[in-house]
2 protein chains.
Amino acid sequence: MKKNVPIATVERVAKYLRCLKYLRYKGTKVISSKDLAELTKVTPEQVRKDLSYFGKFGKTGTGYDVNKLVKKLEKILKGKAKWNVCIIGAGSLGSALVNYPRFKESNFNIVALFDNNPEKIGKEINHIKVYDIAEFSRITEQKKIEIAVIAVPESARNDIENILSKNRIIRGVLNFTPITLNIKTRRKISIIDVDLSQKLYILTYLITKGKRR
Amino acid sequence: MKKNVPIATVERVAKYLRCLKYLRYKGTKVISSKDLAELTKVTPEQVRKDLSYFGKFGKTGTGYDVNKLVKKLEKILKGKAKWNVCIIGAGSLGSALVNYPRFKESNFNIVALFDNNPEKIGKEINHIKVYDIAEFSRITEQKKIEIAVIAVPESARNDIENILSKNRIIRGVLNFTPITLNIKTRRKISIIDVDLSQKLYILTYLITKGKRR
DNA sequence: CTTTGTGAAAATGTTCACAGCC
DNA sequence: GGCTGTGAACATTTTCACAAAG
């Protein structure tokens with residue numbers, strides 16, 4: 001049980017968790033680091049070392065109790081059971097994310113969409129209401145929304161930066177805009193960038209070099 | 001100019017490229033490692049070191065020619081100018097990806113969608129035809145599709161693994177299914193996993209620990 | 001004076017190897 | 001026999017610091 005957890009470890013642990021939930025769903029009760037490693041394409045030592053940053057979860061000679069480990073890892077990664085999430089941008093990507101089944105399943109509750117298009121405001125997408133982006137602060141405070149997923153076109157970037165800089169409740173941002181956001185705030189806001197076209201560039205690099213991953 | 005390029009370097013270079021294209025669009029002609037670092041939230045040394053894996057692109061005392069660097073990095077990451085891409089799964093995520101403007105802009109041409117739903121087969125989504133997944137090998141060979149983006153529900157995972165294991169032309173896979181794929185093939189296939197709910201778990205971990213990124 | 005490119009040092013991350021337990 | 005947890009060894013990656021160039 002060590003102090004500084006590598007971010008790579010956190011990413012892998014999230015991957016283990018996904019896999020463990022799948023195993024739980026399939027009815028597997030116990031799994032060894034060897035088998036979990038095989039399923040997630042890492043080494044058994046890596047699995048054990050990663051888990052050891054957070055505690056001792058296994059039984060020598062047996063392996064890990066799938067149910068227990070799922071609960072432990074959920075707690076470690078999520079901190080609290082339920083998070084309220086909003087999506088900024090009710091375009092095709094935003095709408096697809098509202099439908100993404102695994103968010104709700106993991107208790108990331110999408111409770112609002114935001115857009116600036118008058119034709120969309122007031123409508124519902126998959127039972128989630130679209131609010132005027134001008135109401136962002138009011139709605140996020142009212143609904144206690146701490147996570148914002150940004151799915152707007154690049155052109156709206158400045159507006160989003162301003163809106164988030166003024167906001168006082170959002171603590172985390174998942175950014176699908178392919179430009180690094182510059183949010184000016186004294187509060188700490190955690191940001192994760194997901195640039196989909198970047199992934200394709202990395203993929204073609206791997207293909208060209210003949211690497212698996 | 002060294003031999004083994006870290007994958008983290010490749011990821012950052014793709015990020016620089018995205019940023020440089022934005023600068024080019026804004027009319028910036030020259031940029032220093034310092035300024036590029038600020039825009040992409042890394043250190044100037046990191047930028048220079050990363051680029052040095054691939055060559056000497058800068059002018060001492062001046063910086064990097066934005067136009068030239070964009071062209072060089074495009075060549076390095078993509079290998080060839082144009083790639084044909086298909087999307088498996090014409091659900092909301094698949095449809096959103098067809099609409100994602102940056103794919104076409106970067107010459108990743110989406111030329112086919114695949115699904116197993118008879119109601120969708122034969123229709124068009126954003127001018128891209130939906131084919132029967134049973135025709136996967138025929139269509140990919142005919143259209144010379146080397147990259148597959150997987151946007152199917154988890155339940156279709158086994159079918160996808162089988163179809164890809166049989167296929168002889170796909171060289172790269174961008175996998176949005178939140179389970180690591182197990183493709184049995186003697187050919188080398190590069191795979192990149194993008195698990196969206198995993199990102200939320202990492203985000204809540206960062207929030208809880210009070211880390212920016 | 002500014003900025004690149006890069007060895008060398010420092011920091012970080014992964015693998016090894018084995019004690020201890022079932 | 002089978003498996004976990006973990007220091008220590010090893011490997012990789014990042015940062016430092018500076019010579020060389022415009």
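First the proteins, then the strands, lettered A, B, ... as listed; each starts at 1. Basis for what follows: all heavy atoms, side chains included, without hydrogens, waters or symmetry-related copies. Just so it is clear, the structure is predicted and the values come from calculations on it, not from any experiment.
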Rounded distance (Å) that lies between atom [atom2] of [N] and atom [atom1] of [X]:
{"X": "B:D65", "N": "C:dT4", "atom1": "CG", "atom2": "P", "answer": "13 Å"}
{"X": "A:F54", "N": "D:dT6", "atom1": "CZ", "atom2": "C1'", "answer": "16 Å"}
{"X": "A:D50", "N": "D:dT4", "atom1": "CG", "atom2": "C1'", "answer": "14 Å"}
{"X": "A:K56", "N": "C:dC21", "atom1": "NZ", "atom2": "P", "answer": "10 Å"}
{"X": "B:L51", "N": "D:dT14", "atom1": "CG", "atom2": "P", "answer": "13 Å"}
{"X": "A:N4", "N": "C:dG13", "atom1": "CG", "atom2": "P", "answer": "8 Å"}
{"X": "B:I7", "N": "D:dT14", "atom1": "CD1", "atom2": "C1'", "answer": "17 Å"}
{"X": "A:F57", "N": "D:dT6", "atom1": "CZ", "atom2": "P", "answer": "11 Å"}

ask   = Salt bridge between A:R157 and A:E154, side-chain N to carboxylate O under 4.0 Å?
value = no

ask   = Do B:N126 and B:S95 have side-chain N/O donor and acceptor atoms under 3.5 Å apart?
value = no

task = Return yes if a side-chain donor-acceptor contact under 3.5 Å exists between A:R48 and A:Y64, otherwise no.
result = no

Taking only side-chain N and O atoms of [X], does any of them lie within less than 4.0 angstrom of OP1 or OP2 on [N]?
{"X": "B:R48", "N": "C:dT4", "answer": "yes"}
{"X": "B:Y53", "N": "D:dT14", "answer": "no"}
{"X": "A:T43", "N": "C:dT15", "answer": "yes"}
{"X": "A:R12", "N": "C:dT14", "answer": "yes"}
{"X": "B:S33", "N": "C:dT4", "answer": "yes"}

message = Would you say the rings of B:F136 and B:F114 are close, in the sense that their centroids are separated by under 6.0 Å?
response = yes

request  = Assign B:Q46 to base, sugar-phosphate, or nothing according to its heavy-atom contacts below 4.0 angstrom with the strands shown.
outcome  = sugar-phosphate

request  = By nearest nucleotide on DNA chain C, pick out whichever of B:T62 and A:T60 is the more 5' one.
outcome  = B:T62

note = Of B:G63 and A:K59, the one whose nearest nucleotide on DNA chain C sits closer to the 5' end is B:G63

Ring-face cation contact, A:F54 with A:K75, 6.0 Å cut, 45° max = no

Which nucleotide in C:dT4, C:dG7, D:dT13 has an atom nearest any side-chain atom of B:P6 = D:dT13

ask   = Of the nucleotides D:dT14, C:dA17, D:dA17, which has the atom closest to the A:E45 side chain?
value = C:dA17

